[in-house]
Structures are given as structure tokens and as C-alpha cells.
Amino acid sequence: MFKVSLANLRGDITGGITAGIVALPLALALGVASGLGPMAGLYGAIAVGFFAAWLGGTPSQISGPTGPMVVVLAGLFASLSGDAGLVFTAVMLAGVMQIAFGLLGIGQYIRLVPYPVISGFMSGIGAIIIILQLGRLLGHAPPSGTIGALTYLPTALMDINFFTLMVGVGTLVIAYKWPPALGKYVPGALAALIIGTLVGLALGNLPILGNIPTGLPSIQMPTFDQATIVVVLKAAVILAVLGAIDSLLTSLVADNMTRTQHDSNRELIGQGVGNTVAGFIGGIAGAGATMRTVVNIRSGGRDRLSGMVHSLVLLAIVLGLSPLASQIPHAVLAGILVKVGLDIIDWSYLKKAHRGPRWDLALMVTVLGLTVFVDLISAVAVGVVLAALAYVKQVAKNQLDAIKNMPDLTENPEEHELLEQANGQVRIFDFGGPLSFGAAADMGHRVREQVKHGTTALVLDFKRVPFMDVSAARAVETITSDAFDAGKSVFVSGLNDEVKTVLSGLDSLHGVDKSHIFENRLEAIKAACYKVSNHIQEDNTKSEAKAKSEDGADAKSGSTPILTAS
């Protein structure tokens, strides 16, 4: 299970080294953005990157701190008044939860989140990252939180540090416009970090990271405080779910590039172990990182060795280059983070969204707004619920249309002839697929609408119904009850074992005689037509008897019909 392949040794080493160099500025920047410091970002990148690669289910994936995870950590850090021990405890708990997700097989369900929800969620996170860095680009240290950063923005605009702004914007431009030919040797993000730092040192008087400890990290034991346990647990759940979604989406990108298929549950176990270890060594939480994974694959990385090499590169930097990192200006990291935020926003969908379904666009915007101005877990929860309700509504409409569009005469010649002989007194309802609770509310009404005047027998065909829930079973009970109250006979056909069990268990066919339940529709139609013909004969017999009775009464009374001539 833990075997590391050496079949692509050269490519994996090259890809891992390149990914490690790309990860350096991002780990530093995201560590600072979390509030826990640049070394927490590096420790997180080392731990999550190594263990997720070694134990995970996506061999070519590079894991480490990501924008979405940092947004949660920054909010938690602020709400806990900077208590780093409790934040690291939340990271450990999130890792344990992810391991549980993997062992319980939840990975396959996490991927079922609809695209508009993911798009709005990720775009909202990108917007949050940008909003939080605007103040630093202007030379200020704004309050934590999206609302606080936005309300502080007018104050920052009144007192702009133009040197800071120039360095930050210059870093952003270099990161975006770095020539691809040079990018083969020095990645754009690393070039932006180096050049921005050199310019900042030349200008002087710019806020810098300051003293950074060197060497190996110290062990952080989990701590619990009764007053904050709910906050910590809530943050751990968000980190676990968010990290799982982020990682599995990146796994899909890696699959498309390498033409392989990842193991979702194993990937969650690997991510969980990585995050648990990250919390123990004072690192921030991480997940599968799309940009670093793409860099790794394009540089030749294919197997889990590449992710492990990426972590070892970062470890070597931590052990030897911390004093140099202490001179990096905050404005440089702010510029890099703005690029991270812009890259997270789903521009490809936003450009085409107006040409797609309006509902999906509205859902995406709703989730984006909730992500930015409320919180991440509420945004995902509301988005998933709204998407599920919209889907149920559409499925229910299709189910009801299938009932409504059932033709009076079937394509089967024998059925066609029988129904013609019945002269409209037998009506078939073919339920064209699964019957869900979404369709149940209107199903009885739809059937009543379609029962024409003069119908005396209904045939309910369930041949194409693979399963049925309680709501649909109660709707069937309503249909049969209405039919009996109106004096109509009900015949049932095509019940499979599962549907029959549901209907009989809830006694939904309590008024239907067992002799009226058939294996196939033709038999049910024959029985219905026979019932109708007997009913017609009985009516004719009664009419004849009544007529004879009336004639006999007239004869006894000696009455003579009165004739009128025109």
C-alpha cells in the first residue's frame, strides 16, 4: 500500500524540485495570511506535502497550504484572540476527521457537490483573499475579517504608502508577466518574490516579516478550552470538508493530465494524516494544490515520490534560509496573495455564465455572496440544499410529464384493439420512471385531470418504476381511493418486488382486489375490458328490465300514449 515507485525517478525528482521552488513563496505568504507566521506555512507545506504524497490516492498530486484553508484559519486565529495552540488543535482534529471520511468511504459523496456551488464557493474565497490584502498593498495592517477589511479600506486610501503600493503591484505584475522561457529555470512566483524583496530592501522603510526561527519545529500538543471548544470543533469540520473538496477537485485535474484515476478515499486518508502531523509540528492545514500539481506534472512528476521530494526541498530551505526570508516585505507577499486570489476566482465560468441556465448563475452568485459576507460552511450548506431542491423539482416535473403524456392508445396492437372496444371507458397510466417525493404532491391531481368523463376502469402500470419512496406510495393510495370513491375499478400491473414491498407494507393498495394485480399490462387491460363489458351488459339488462316494467305498468293502467302531430 505504501510502496513508492522508482520507474519515473528522474521525472519525479525534477517535478518535485520545481514544485518545491514554486511552493516556497506561496507557503510563506499563506502562513503570514493565516496569522500564524511564515514558518507555520512552511511546516504545513512540508508535513501535508510529504504524507499526502506518501499515503494518498493521487500519485502526482502536490499538497500544501491553499487559499481556502488559510481563509478559515485566519478567521479562527482572530476569533481565538491569537491562541496558536487552539488553532493547531483544530488542524489536528480536521486531519482526524479526514482520516475518518476516508475510512468510511465518504470521498465518493464529497465529489457530488454541484459545479455552481463549487464555482461560487471558490470565487468567494478568491475575493476574500484579495480583500484581505488590499490594506497591506496600501501600506497598512487592516483588521481581520472581510467586513473589517472593507470598512477599513477608506481609511487606508486616505493615507497610501506609495512605495509599498509600487512594490506590491510590481510583484503582482512580475508574477503574471514573467516570460515562459525564463519560467523553465525560475518560476514566476519565485522570481516575483526575489525581485520584489530586492526592490523593497533598496527602497527601505517597508514593513518586513522580521525575525523567523530556524531549525526543526517544536511539538504542539492538542489543547482544549471549554469556552472555545465549539469554535474549534466548528472550524475543524470546515477545514476537513473544505480540504477534502479542494483535494479531490485537484485530483480530478491530475487525472485529466495523467490519464489515470485516483482513489478518493485513500486520498482523504493521506490528506488527513498530513494535516494531523502538520498540527503537531505547528504547521497550518493544507490540501491538494492545483497550481503546484500542474507544475509538478508538466515538469515530469508522475508518482508519489515527486510530492515527497517537494517537501524535502522545503525542509532544506527551512533549515538553511530562514534568515534571508525574514527580509521579505509584507507588500511582496500581498502581491503574491492577490495573484493567488485572482487565480482561484472561476473566470472561465463567469465569462460564459450569462449564456447558461439562469438558475445556475443565481445559485453561483448566492454562494459567492454567502462565502464573502457570512461564512464558508453556510455558503456550501445553502448552495447544496438549493441545488438539491432545484434538481428534485426538475425530476418531479419530468415524472409528472411522463404521466400526463401517456397516450390513450398504446403501440401494442392487441392493447390498441382492446382499448378501442372499451370505447374510452378504460384509461391507462404508465408511470414512466422512478416515483419520488418531489412528484408525489401533484401526482394524484395529474391523474384526476387525465381521467375523462365516462371512464370506469383505471390501469396503473408500474413496469418502468424501479423504486418508490413513502411519499409516492401515499400518492398511489390517494389515486386508488379517489377512484373507488368515484365508483371506478382499479387494476395494477408491472410491480417489481421492491415497489410491491413498499406498497404492501404501507397498505397503499388496500382497496385493490388481489385479482386485479397482474404481472404485465396486457393482462390487466384484458381484465379491465372484461370488467367494463360486464358492466355494460349489466346496465343494458337493467335498462331492458326497467323498460319492460314501465310498459307493464302502462298496460295495467290502461293509459294511452298521447301523440302530437306537427
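Model, not experiment: these values are computed from the prediction. Side-chain atoms are counted along with the backbone in the values below, which use heavy atoms only and exclude waters and symmetry mates.
Closest heavy-atom contact between Asn161 and Gly139: CB-CA, 4.0 Å. The two residues Val277 and Ala47 come nearest to each other via the heavy atoms CG1-CB, 4.0 Å. Closest approach of Ala33 to Val70, counting heavy atoms only: CB-CG1, 3.7 Å. The minimum heavy-atom distance linking Ala387 with Val117 is given by the pair CB-CG2, 4.4 Å. The heavy-atom pair separating Tyr349 from Ser119 by the smallest distance is CD2-OG, 3.5 Å. What you find for Asp12 and Arg302 is that their closest heavy atoms are OD1-N, 2.8 Å.
Formation of a donor-acceptor pair under 3.5 Å by the Arg136 side chain with backbone atoms of Ala331 is not found in this model. Under the 3.5 Å distance criterion, the side-chain polar atoms of Thr14 are left unmatched by any main-chain donor or acceptor of Gly11. Judged by distance alone, the side chain of Ser79 and the main-chain N or O of Leu76 form a donor-acceptor pair under 3.5 Å. Asn8 places a side-chain N or O within donor-acceptor distance of the main-chain N or O of Gly300, the cut-off being under 3.5 Å. Thr89 contributes no side-chain N or O that, together with a main-chain N or O of Pro222, makes up a donor-acceptor pair within less than 3.5 Å. Under the 3.5 Å distance criterion, the side-chain polar atoms of Ser306 are left unmatched by any main-chain donor or acceptor of Gly301. Between the side chain of Thr151 and the backbone N or O of Gly148 there is at least one donor-acceptor pair closer than 3.5 Å. Side chain of Gln61 to backbone of Ser251: a donor-acceptor contact under 3.5 angstrom is found. Of the possible donor and acceptor atoms, one in the side chain of Ser247 sits under 3.5 Å from a partner among the backbone N and O of Gly243.
Leu93 contributes atom CG, which lies 13.5 Å from atom CZ of Phe88 (distance to the nearest 0.5 angstrom). Atom CE of residue Met97 and atom CG of residue Asn275 lie 12.0 Å apart, to the nearest 0.5 angstrom. With rounding to the nearest 0.5 angstrom, the CG atom of Leu55 is 13.0 Å from the CG atom of Leu268. Here the OG atom belonging to Ser378 is positioned 14.5 Å from the CZ atom belonging to Phe373, to the nearest 0.5 angstrom. To the nearest 0.5 Å, atoms CG (Leu337) and CG (Leu134) are separated by 11.5 Å. Expressed to the nearest 0.5 Å, how far CG of Asn296 lies from CD1 of Ile17 amounts to 11.0 Å.
Of the N and O atoms on the side chains of Thr260 and His262, not one donor lies less than 3.5 Å from an acceptor on the other residue. One side chain, Asp346 or Ser348, offers a donor N or O that lies under 3.5 Å from an acceptor on the other. For the residue pair Gln271 and Ser63, a side-chain donor N or O sits within less than 3.5 Å of a side-chain acceptor on the partner.
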ask   = Can His140 and Asp159 be said to form a side-chain contact (heavy atoms from CB on, under 4.5 Å), step by step?
value = CA-CA 9 Å; His140 295 262; Asp159 183 24; 3.7 Å; yes

request  = Could you please spell out the steps behind the side-chain contact (heavy atoms from CB on, under 4.5 Å) verdict for Leu314 and Phe50?
outcome  = CA-CA 10 Å; Leu314 292 175; Phe50 186 87; over 6 Å; no

task = Could you go through the side-chain contact (heavy atoms from CB on, under 4.5 Å) check for Asp83 and Val87 one step at a time?
result = CA-CA 7 Å; Asp83 190 331; Val87 177; 5.9 Å; no

request  = Under the side-chain contact (heavy atoms from CB on, under 4.5 Å) rule, what do Asn265 and Ile269 come out as? Steps first, then yes or no, please.
outcome  = CA-CA 6 Å; Asn265 294 317; Ile269 293 173; 5.6 Å; no

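Contact annotation: the side chain of Leu73 approaches that of Leu239 to within less than 4.5 Å [non-hydrogen atoms, C-beta and beyond]. Residues Ile208 and His330 have side chains not in contact (no heavy-atom distance under 4.5 Å, counting atoms from C-beta outward). Residues Leu206 and Val332 fail the side-chain proximity criterion, which asks for heavy atoms closer than 4.5 Å. Met122 places a side-chain heavy atom less than 4.5 Å from the side chain of Asp246. Thr164 has its side chain out of reach of Leu138: every pair of non-hydrogen atoms, C-beta onward, lies at least 4.5 Å apart. Side-chain atoms of Ile125 and Leu242, non-hydrogen and from C-beta on, do get closer than 4.5 Å to each other. When side chains are defined from C-beta on, Thr197 counts as touching Pro329, because their heavy atoms get closer than 4.5 Å. Leu28 is not listed as a side-chain neighbour of Val32, based on a closest heavy-atom distance of 4.5 Å or more.
Partner Thr250 forms a side-chain hydrogen bond (donor to acceptor under 3.5 Å, both in side chains) with one of Thr58, Thr66, Thr290 and no other, that one being Thr290. Screening Leu137, Ile129, Leu333, Leu132 against Val338 for a side-chain contact (heavy atoms from CB on, under 4.5 Å) leaves a single residue, Leu137. A side-chain contact (heavy atoms from CB on, under 4.5 Å) with Val382 is found for one member of Leu386, Val385, Val384 and no other, namely Leu386.
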Throw together a table of side-chain donor-acceptor distances under 3.5 angstrom for residues 168-180, partners on residues two or more places apart or in other chains.
residue	atom	partner	partner atom	Å
Thr171	OG1	Val167	O	2.8
Tyr176	OH	Asp343	OD1	3.3
Trp178	NE1	Val186	O	2.9

Only pairs under 3.5 Å count here: list side-chain donor-acceptor contacts from residues 356-372, not counting sequence neighbours, and write none if there are none.
residue	atom	partner	partner atom	Å
Thr366	OG1	Ala362	O	2.8
Thr371	OG1	Val367	O	2.7

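A search for salt bridge (Lys or Arg N to Asp or Glu O under 4.0 Å) contacts involving Asp225 returns nothing, not counting sequence neighbours.
The local environment of CZ in Phe224 is crowded, with over 12 non-hydrogen atoms from other residues, nucleotides or ligands closer than 6.0 Å. Within 6.0 Å of CZ on Phe163 lie no more than 12 heavy atoms contributed by other residues, nucleotides or ligands.
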